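Below: one structure, written as C-alpha cells.
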Amino acid sequence: MTTAGDIMHRGAQWIPAHETLDRAAQLMRELNVGALPISDENERLCGILTDRDIVVGCVAMGRDPARVTAGEMAQGTPRWIDSGADVGEVLQEMKGHQIRRLPVIEDKRLVGMISEADLAQHLTDEQLAAWVESVYATG
C-alpha cells in the first residue's frame, strides 16, 4: 500500500500565523515553494498561504505585506492528511475539496506536503488523469 508518507515532499515548513506576508514571501523564495502551511501558536494547522494569496489578497488590494499577517489571510477550514493514509484517501481529499496542495501530518506535527508534482511522480497515468480532470473541471 502506497501512503501519503511515501509520496509527500519532506521538509515542509510552517509559517507562524503572526508572521508578516513579506516574511512569508521571503521564506517561499528560500524554500522554492509557492505555498506554506500556517500554524497557530500551538503549531497546529490553521490555514495555507499561497504566493497568489499574497499578490491578489494583499498587494493588489493596496495593502502593505509588511503589515498583514499570514493568519489574517487564513480562510476556511484547512485540509490535511495523515502520513499513514492510503494514496486513494489522498486523491479523494484533494478531489473532494479541489485542492492542489495537501499538508501531511504525523502525531499532530507537519511532516511534509503533497503537491501536483508529487502526484505526477507516484501515480499511474490513469490515476493522474482522473485526478486532473476532477480538480480542474469547471462547474
Side-chain angles (χ1 to χ4, degrees):
M1 167 178 90
T2 303
T3 67
D6 295 330
I7 66 171
M8 72 182 181
H9 176 83
R10 296 193 177 277
Q13 290 187 23
W14 301 107
I15 185 79
H18 68 271
E19 286 286 355
T20 59
L21 297 186
D22 61 342
R23 177 63 193 127
Q26 292 164 1
L27 187 56
M28 286 179 187
R29 182 190 64 223
E30 291 167 16
L31 298 173
N32 194 30
V33 298
L36 294 170
I38 304 168
S39 69
D40 65 15
E41 62 278 353
N42 298 315
E43 291 193 3
R44 304 284 297 253
L45 182 67
C46 65
I48 294 183
L49 179 68
T50 67
D51 47 7
R52 186 177 192 281
D53 293 332
I54 295 170
V55 172
V56 174
C58 179
V59 177
M61 300 298 290
R63 298 175 73 193
D64 181 357
R67 295 183 165 275
V68 178
T69 66
E72 290 175 64
M73 300 300 289
Q75 298 177 5
T77 303
R79 307 307 307 178
W80 57 273
I81 196 92
D82 185 85
S83 65
D86 180 80
V87 71
E89 294 174 67
V90 171
L91 294 175
Q92 189 58 41
E93 184 70 18
M94 293 175 86
K95 285 179 191 177
H97 297 282
Q98 291 192 315
I99 55 177
R100 296 176 182 101
R101 299 172 184 97
L102 188 61
V104 180
I105 305 293
E106 186 175 291
D107 298 324
K108 299 182 182 180
R109 297 289 178 226
L110 178 72
V111 293
M113 288 281 280
I114 297 174
S115 69
E116 294 168 311
D118 299 314
L119 294 178
Q121 292 176 353
H122 294 91
L123 298 180
T124 66
D125 290 344
E126 293 80 21
Q127 287 174 312
L128 188 58
W131 180 80
V132 168
E133 183 177 336
S134 68
V135 171
Y136 288 97
T138 56

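None of these values were measured; they are calculated from a predicted model.
Residues Leu49 and Ala24 share a closest heavy-atom pair of CD2-CB, 3.5 Å. Here the shortest heavy-atom pairing between Pro65 and Val59 reads CG-CG2, 4.1 Å. Across all non-hydrogen atoms, the minimal contact from Pro103 to Leu45 is CG-CD2, 4.1 Å. Considering every non-hydrogen atom in both Arg10 and Gly5, the closest pair reads NH2-O, 3.7 Å. Closest of all the heavy-atom pairs between Ala74 and Gly47 is CB-CA, 4.2 Å. Contact between Asp82 and Ala4 at its shortest, heavy atoms only, is O-CB, 3.5 Å.
Within the model, atoms CG of Leu36 and CD1 of Ile54 stand 7.5 Å from one another, a figure rounded to the nearest 0.5 Å. One distance of note links CD1 of Ile105 with CH2 of Trp80; it measures 6.5 Å at 0.5 Å rounding. Remark: His18 NE2 to Glu41 CD distance equals 10.5 Å, nearest 0.5 Å. Note that CG of Leu31 is 9.0 Å distant from CD1 of Ile15, once rounded to the nearest 0.5 Å. Note that CD1 of Ile7 is 8.0 Å distant from OG1 of Thr2, once rounded to the nearest 0.5 Å.
In this structure, Val111 is not a member of the same hydrophobic cluster as Met113, with clusters built from ILVMFWY side-chain heavy atoms closer than 4.5 Å. Two different hydrophobic clusters hold Ile114 and Trp14 under the rule that ILVMFWY side chains link at heavy-atom gaps under 4.5 Å.
A 4.5 Å side-chain heavy-atom check between Val33 and Arg101 finds every atom pair outside the cut-off. When side chains are defined from C-beta on, Leu91 counts as touching Leu119, because their heavy atoms get closer than 4.5 Å. Taking 4.5 Å as the limit, every side-chain heavy atom of Ile99 sits out of range of all side-chain heavy atoms of Ile48. Counting only heavy atoms from C-beta outward, the side chains of His9 and Ser115 never approach each other to under 4.5 Å. Using a 4.5 Å cut-off on side-chain heavy atoms (C-beta onward), Met8 and Asp118 make no contact. Considering only heavy atoms from C-beta on, Arg63 comes within 4.5 Å of Glu72 through its side chain. Residues His122 and Val87 are not in side-chain contact: their nearest non-hydrogen atoms beyond the backbone lie 4.5 Å or more apart.
Heavy atoms from other residues, nucleotides or ligands lying under 6.0 Å from CE of Met1 number more than 12. The environment of CG in Asp107 is sparse: at most 12 heavy-atom neighbours from other residues, nucleotides or ligands sit within 6.0 Å.
A donor-acceptor distance shorter than 3.5 angstrom exists from the side chain of Asp40 to the backbone of Arg44, with no hydrogens or angles considered.
Evaluated for a side-chain contact (heavy atoms from CB on, under 4.5 Å) with Glu93, the options Glu89, His97, Lys95 yield exactly one hit, His97.
When the salt bridge (Lys or Arg N to Asp or Glu O under 4.0 Å) test is applied to Glu19, no partner is found at least two apart in sequence or on another chain.
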